[in-house]
Amino acid sequence: MKPFILIATRAEDEPADEEYALFLRASGLDERDLVRIRLEAGPLPALDLDAISGIIVGGGPYNASDPIELKSPAQRRAEAELATLLDEVVARDIPFLGACYGIGTLGLHQGAVIDRRYGEPIGVTTVTLTDAGAADPLFASMPTRFSAFVGHKEAASTLPPHAVLLAGSAACPVQAFRIGRNAYATQFHPELDLPGITTRIHAYAGYGYFAAGELEATLAAAAREPVEHTDRVLANFVSRYAR
């Protein structure tokens, strides 16, 4: 099988390594078949898109909508490299799945409005599939309403006309969309489980996702109801595009 590529942007080793483990678990891939690139640590290597099955972009503390002067040199480089990669991905309709930060990168690339209007605190939300989402292979064997882990400062507030809205929630109307036939983005985290989000809550306690003194309340919000179906998104993505 040609490998999938996971593009990661987390500089903190513990949540970065756990993120990789979570994507492996949810996708059913092993390390040979899911090659991780830590984009925050160095330039994106040249990728032969004919030699891979697809690309996954994980989340992280970068915000695509931040003013350029507030972005670190590493973030500016990473985003420029992702934009160049997406030029080819979208033009060739290469299988792509961006989770959380991935919705900002694919969204901005395609003309979506990414801003802070629909940010969500860390916790569990109820995601509802649109009719298009319910019919899409990415959400095969999933209920039309399911619980998912979220926690983001920015989101897509407007999609371009050529994007297909696949899912939304009460607080965030764009939870998933598709470009072309094979490029996807989700605002929720399909890879996360409760131990994983607990690690991230501790790792990013000082990053503005919640106020000082709200650690315990945030941990409780993440544990308020079970999240059982979202890993199906990654399993479906791999099953559909592995080659």
Please list every donor-acceptor pair under 3.5 Å in which a side-chain atom of residues 137-149 meets a protein atom from a residue at least two apart or in another chain.
{"unit_1": "Arg145", "atom_1": "NH1", "unit_2": "Thr128", "atom_2": "OG1", "d": "3.2"}
{"unit_1": "Ser147", "atom_1": "OG", "unit_2": "Glu225", "atom_2": "OE2", "d": "2.3"}

Nearest-0.5 Å distance, [atom1] of residue [X] to [atom2] of residue [Y]:
X: Ile52; Y: Ile94; atom1: CD1; atom2: CD1; result: 7.0 Å
X: Glu12; Y: Thr199; atom1: CD; atom2: OG1; result: 12.0 Å
X: His109; Y: Ile114; atom1: NE2; atom2: CD1; result: 13.0 Å
X: Leu82; Y: Leu108; atom1: CG; atom2: CG; result: 11.5 Å

**Study point:** Non-neighbouring partners of Gln110 that pass side chain to side chain donor-acceptor pair (under 3.5 Å), sequence neighbours left out
**Key:**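 By the side chain to side chain donor-acceptor pair (under 3.5 Å) rule, Gln110 matches His162.
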
Point to revise | Pairing residues for Glu214 by the side chain to side chain donor-acceptor pair (under 3.5 Å) criterion, not counting sequence neighbours | key: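 Scan of Glu214 (side chain to side chain donor-acceptor pair (under 3.5 Å), adjacent residues dropped) gives none.
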
Practice item. Name the orientation class of the two ring planes belonging to Tyr184 and Tyr241 (parallel below 30°, tilted from 30 to 60°, perpendicular beyond 60°). Key: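 Tilted, since the angle between the ring planes falls between 30° and 60°.
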
Point to revise | Asp115 and Ser157: side chain donor to acceptor below 3.5 Å | key: yes

Check your understanding: Any chance the side chains of Tyr101 and Glu154 put a donor and an acceptor closer than 3.5 Å?
Key -> no

Ignoring hydrogens and angles, tell me if any N or O in the side chain of [X] forms a donor-acceptor pair with the backbone of [Y] under 3.5 Å.
X: Asp33; Y: Pro3; result: no
X: Asp66; Y: Lys71; result: no
X: Arg116; Y: Ser65; result: no
X: Ser239; Y: Ala235; result: no
X: Asn182; Y: Asp93; result: yes
X: Thr130; Y: Leu166; result: yes
X: Arg36; Y: Ala16; result: yes
X: Asp136; Y: Ala132; result: no

Under 4.5 Å between side-chain heavy atoms, hopping through other hydrophobics if needed: is there a path connecting [X] to [Y]?
X: Ile55; Y: Phe177; result: yes
X: Tyr20; Y: Leu234; result: yes
X: Ile37; Y: Val89; result: yes
X: Val35; Y: Leu24; result: no
X: Leu159; Y: Leu86; result: yes

For [Y], is there an ion pair with [X] - N to carboxylate O distance below 4.0 angstrom?
X: Arg25; Y: Glu19; value: no
X: Glu40; Y: Arg38; value: yes
X: Arg92; Y: Asp87; value: no

**Study point:** For Phe96, the option from Leu85, Ile7, Val57, Val90 that meets side chain to side chain contact (heavy atoms under 4.5 Å, CB included)
**Key:** Val57

Using atom types as modelled, flag every donor-acceptor pair under 3.5 Å from a side chain in residues 118-126 to any protein atom, sequence neighbours excluded.
{"unit_1": "Glu120", "atom_1": "OE1", "unit_2": "His152", "atom_2": "NE2", "d": "2.6"}
{"unit_1": "Glu120", "atom_1": "OE1", "unit_2": "Gln175", "atom_2": "NE2", "d": "2.9"}

Point to revise | Evaluation steps, side chain to side chain contact (heavy atoms under 4.5 Å, CB included), between Arg76 and Ile68 | key: CA-CA 8 Å; Arg76 292 196 296 269; Ile68 189 69; 3.3 Å; yes

Check your understanding: Shortest non-hydrogen contact from Cys100 to Gly151?
Key -> SG-O, 4.3 Å

Point to revise | Residues that Lys2 engages under salt bridge (charged side-chain N to carboxylate O under 4.0 Å, His left out), provided they are two or more places apart | key: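 Per chain and number, Lys2 pairs via salt bridge (charged side-chain N to carboxylate O under 4.0 Å, His left out) with no residue.
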
Review point. With Arg32, which residues qualify under salt bridge (charged side-chain N to carboxylate O under 4.0 Å, His left out), at least two apart?
Key: Asp30

Exercise for review: Apply side chain to side chain contact (heavy atoms under 4.5 Å, CB included) to Tyr204 and Arg10, showing your working.
Suggested key: CA-CA 11 Å; Tyr204 298 114; Arg10 299 182 188 277; 3.2 Å; yes

Review point. Hey, mind stepping through Thr230 and His189 against side chain to side chain contact (heavy atoms under 4.5 Å, CB included) and telling me if it holds?
Key: CA-CA 8 Å; Thr230 53; His189 286 273; over 6 Å; no

Practice item. Evaluate the criterion side chain to side chain contact (heavy atoms under 4.5 Å, CB included) for residue pair Leu192 and Val227; output intermediate values, then yes/no. Key: CA-CA 9 Å; Leu192 267 181; Val227 173; over 6 Å; no

